[in-house]
Amino acid sequence: MRLVIFTDLDGTLLDHDTYSHAPAAQALAALKAAGVPLVLASSKTGAEMAPLHAELGLGEAPMIVENGAGVLEPGADGAGDAAYRKIRAALDAVPSDLRAHYRGFGDMTDAEVSDVTGLPPEGAALARQRCHSEPGVWSGDDAALARFLDTLDGQGVSARHGGRFLTLSLGRTKADAMREVADRLGADTTIALGDAPNDVEMLEQATHGVIVRNDHGTPLPRLAGEENDRIRRTAEIGPSGWNAAVLALLQDLGATTG
Ligand SMILES: [Mg+2]
């Protein structure tokens with residue numbers, strides 16, 4: 001069996017409040033001992049994720065960045081930003097009465113991104129180093145939004161709502177990136193863990209999906225895979241739930257030794 005694990009970060013591997021992964025230490029060590037690659041899959045940028053990848057000692061495992069819009073190899077220099085430049089060019093071509101209602105991270109200063117995200121200023125600077133997607137805030141009405149999205153769609157740019165942000169991309173999800181990485185790593189069995197709507201495609205596509213309990217958001221609706229336990233839910237929140245679920249799955253799959 002060639003097992004690869006894909007995980008969301010905030011509210012999943014990282015605690016919602018403290019951003020700590022300490023409660024998952026036992027399962028993280030078990031993965032390392034068994035030689036199972038751990039692929040981080042987040043809405044964060046590569047610049048934001050690289051320090052965590054290094055801290056966790058994830059070696060050669062690629063990272064799924066910007067909600068699946070990109071895949072980053074660790075240590076890759078100068079990640080290509082062609083997709084981001086295409087999105088910004090599409091924004092430049094939107095009629096100005098519509099464009100005026102959208103303020104993307106590329107239109108904001110680090111301080112503004114810090115304000116809208118709650119990130120510290122140095123974190124905001126990393127969040128602005130985008131290569132594949134553009135989050136932003138929409139301030140117009142629904143009718144204008146429909147015209148805005150229609151105009152972008154005509155240029156191959158799609159949009160997804162998440163929290164207070166409207167994120168523009170070329171349409172790839174975490175599940176698309178997961179399929180690409182799983183193929184590249186020769187995986188025949190996958191586990192995906194996540195806590196939010198932007199994780200659902202990944203959870204449904206994995207051999208085994210784990211919905212990690214997060215008491216800060218609306219619980220995910222019941223997914224089809226829960227009928228036959230292909231998708232399970234953790235009893236505990238965040239990294240504590242992550243730890244228990246990964247240890248249990250490793251045992252079930254007989255993957256506890258290298
Ligand atoms: Mg999350």
Side-chain angles (χ1 to χ4, degrees), residues 4-24 27-28 31 38-53 55-56 58 61-72 105 113 116-120 123-124 126-127 130 132-133 135 159-167 169 172-178 181 190-206 208-223 225-226 231-246 249:
V4 178
I5 301 194
F6 297 81
T7 185
D8 172 56
L9 294 179
D10 291 351
T12 300
L13 177 58
L14 304 181
D15 183 88
H16 176 88
D17 295 315
T18 66
Y19 298 107
S20 170
H21 52 75
L28 288 167
L31 293 183
L38 177 60
V39 177
L40 308 180
S42 169
S43 60
K44 295 176 192 292
T45 62
E48 290 177 284
M49 289 168 67
L52 179 66
H53 186 280
E55 183 186 318
L56 292 171
L58 299 181
M63 285 168 274
I64 293 173
V65 304
E66 299 186 38
N67 256 329
V71 172
L72 182 63
F105 280 19
V113 170
V116 296
T117 58
L119 290 168
L126 298 177
R130 311 207 65 84
H132 313 280
S133 66
R160 188 160 183 169
H161 290 276
R164 83 194 89 170
F165 297 109
L166 180 67
T167 299
S169 74
R172 274 164 50 112
T173 68
K174 284 185 180 181
D176 297 317
M178 176 180 158
V181 171
T190 53
I191 297 173
L193 303 99
D195 71 317
N198 65 339
D199 300 314
V200 166
E201 291 110 333
M202 188 170 76
L203 296 171
E204 287 180 330
Q205 186 179 289
H208 302 278
V210 178
I211 299 172
V212 174
R213 184 175 140 201
N214 180 345
D215 293 345
H216 292 82
T218 312
L220 287 179
R222 190 166 174 80
L223 303 182
E226 290 182 77
I231 296 179
R232 53 182 84 182
R233 289 182 188 245
T234 67
E236 295 174 84
I237 59 165
S240 303
W242 197 98
N243 190 62
V246 168
L249 276 163

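Both counts, for ligands and for their atoms, begin at 1 and track the order of listing.
Remark: His53 engages no residue in a side chain to side chain donor-acceptor pair (under 3.5 Å) (not counting sequence neighbours). Shown here are the salt bridge (charged side-chain N to carboxylate O under 4.0 Å, His left out) partners of Asp8, two or more places apart in sequence or in another chain: Lys174. Residues satisfying the side chain to side chain donor-acceptor pair (under 3.5 Å) test with Asn67, not counting sequence neighbours, are Asn198.
Classification of the His16-His216 ring pair by plane angle, with boundaries at 30° and 60°, yields parallel.
In terms of heavy atoms, Arg233 sits closest to Leu220 at NH2-O, 3.0 Å.
The main-chain N or O of His132 is found under 3.5 Å from a side-chain atom of Glu66 such that the two form a donor-acceptor pair.
Inspection of the environment of the Mg ion (ligand 1) yields the following protein N, O or S atoms under 2.8 Å: Asp8 OD2, Asp10 O, Asp195 OD1.
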